[in-house]
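Single-structure report; data block below.
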Amino acid sequence: RRNAIIKFIKNKKPSIICMQEVQSHMFKWLYKKLFNQYDCIEVAGNKKHTSLLKNVNWFSNGLVIWYDKTKYDKGWNKYITEEHNHPEKFLLLVDLISDKGIITIINTHYDSIYQHKRQMLTDKLNKILKKNSYNVYVCGDFNAGINSNEIKSVSLPYCIPFSNEIQRTFNHFDDTWAIIDFILSNKEMNYEIHTKDYGVPYISDHYPIIINL
């Protein structure tokens, strides 16, 4: 699926890309392919939250925010953990600066099993949003539906996909149906769930969600 991902990026030319569950070996390969145009903020989901570039564990995964370095400069950034004994679930945050101003991008991957762990991250997210909720976009695999408390209690007014969306965001490389990936913002958003295969049936077990900033 590697080449299909690159084809997708070259075709859509996104200015910002949020990725979750990025394994270290995959990130190193993507970095070589994208570094001419994109810079990134990345953190491995391990106890020390090291760089994915420096991680030697093949199966270690983390979060990455890529941004077009011809359009944006990196401002303040950090990661916020849920709890020390559950390091792979956290929030990765960056302020991106352009001639249009500053936008805040938050990328996350919520726990797939425990509701209380997902709610803990939402509570941490809301504390961040109290300090900065202007021009902010929260992206991620939330492992919960739009009517869950973890999503409904995020203190942002807009969330896509909508509850009546007929296209899934999670496919599990088969016919599994679920909408568990969202983008939340204080801005209204037009979106597309991208299902084109680019030469392979699925470029990921999740379909990309595309918005226009």
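Heavy atoms only: backbone and side chains are in, while hydrogens, waters and symmetry mates are out.
- Here NZ of K69 is found 14.0 Å from CG of L96. Values are rounded to the nearest 0.5 Å.
- One side chain, Y110 or T122, offers a donor N or O that lies under 3.5 Å from an acceptor on the other.
- Y202 contributes a side-chain N or O that, together with a main-chain N or O of D174, makes up a donor-acceptor pair within less than 3.5 Å.
- For the atom pair C18 SG and I105 CD1, the distance stands at 6.0 Å (nearest 0.5 Å).
- S153 and Q119 form a side-chain donor-acceptor contact under 3.5 Å, judged by distance and modelled atom types alone.
- For R168 (side chain) and T176 (main-chain N/O), a donor-acceptor pair under 3.5 Å exists by modelled atom type.
- Atom-to-atom distance recorded for N77:CG and K74:NZ is 5.0 Å, nearest 0.5 angstrom.
- Within the 3.5 Å criterion, the main-chain N or O of T50 finds a donor-acceptor partner in the side chain of N46.
- For the pair F182 and I146, the tightest heavy-atom approach, listed with the atom from each and the gap, is CZ-N, 3.5 Å.
- Under the rule for a ring pair (Phe, Tyr, Trp, His ring centres under 6.0 Å), the partners of F162 that lie at least two apart in sequence or sit in another chain are Y191.
- In terms of modelled atom types and a separation under 3.5 Å, the side chain of N61 and the main chain of Q20 share no donor-acceptor contact.
- Applying the side chain to side chain donor-acceptor pair (under 3.5 Å) rule to D175 yields no partners; only residues at least two apart in sequence or on another chain are considered.
- Between T169 and D181, the side chains place a donor N or O and an acceptor N or O closer than 3.5 Å (distance only, hydrogens not considered).
- Proximity of the aromatic rings of F90 and H109 is defined here by a centroid distance below 6.0 angstrom, and this criterion is not met.
- To the nearest 0.5 Å, atoms NZ (K100) and CG (L213) are separated by 8.5 Å.
- Legend: residues meeting ring pair (Phe, Tyr, Trp, His ring centres under 6.0 Å) with F27, ordered by chain and number and at least two apart, are Y31, W66.
- The only option from K117, R118, H116 that meets the side chain to side chain donor-acceptor pair (under 3.5 Å) definition with E150 turns out to be R118.
- Partners of Y67 by ring pair (Phe, Tyr, Trp, His ring centres under 6.0 Å), not counting sequence neighbours: none found.
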Open item on the list: One pair to check against side-chain contact (heavy atoms from CB on, under 4.5 Å): Y207 and H194. What are the steps and the verdict?
Closed with: CA-CA 6 Å; Y207 290 123; H194 199 78; 6.0 Å; no
For residues 6-15, run the donor-acceptor check on the side chains, cut-off 3.5 Å, and write out each pair with its distance to 0.1 Å, sequence neighbours left out.
| from | atom 1 | to | atom 2 | distance (Å) |
| --- | --- | --- | --- | --- |
| N11 | OD1 | Y198 | OH | 2.8 |
| K13 | NZ | K10 | O | 3.2 |
| S15 | OG | K71 | NZ | 3.0 |

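- No donor-acceptor pair closer than 3.5 Å links the side chain of N135 to the backbone N or O of N186.
- Atom CE of residue M120 and atom OH of residue Y114 lie 13.0 Å apart, to the nearest 0.5 angstrom.
- Using modelled atom types, one side-chain atom of N107 and one backbone atom of M19 make a donor-acceptor pair closer than 3.5 Å.
- For the 3.5 Å distance criterion, the side chains of S51 and E42 qualify, holding a donor opposite an acceptor.
- At most 12 non-hydrogen atoms from other residues, nucleotides or ligands lie less than 6.0 angstrom from NZ of K127.
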Task: Test side-chain contact (heavy atoms from CB on, under 4.5 Å) applied to T108 and L92, step by step - done: CA-CA 6 Å; T108 190; L92 180 61; over 6 Å; no
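- Remark: N36 CG is packed, more than 12 non-hydrogen atoms of other residues, nucleotides or ligands lying under 6.0 Å away.
- Rounding to the nearest 0.5 angstrom, the gap separating the CG atom in L125 from the OG atom in S155 is 6.5 Å.
- E165 places a side-chain N or O within 3.5 Å of a backbone atom of Q167 that can act as its donor or acceptor partner.
- Side chains of H172 and D205: no donor on one and acceptor on the other come within 3.5 Å.
- Checked against side-chain contact (heavy atoms from CB on, under 4.5 Å), S185 has the following partners two or more places apart in sequence or in another chain: Y137, K187, M189.
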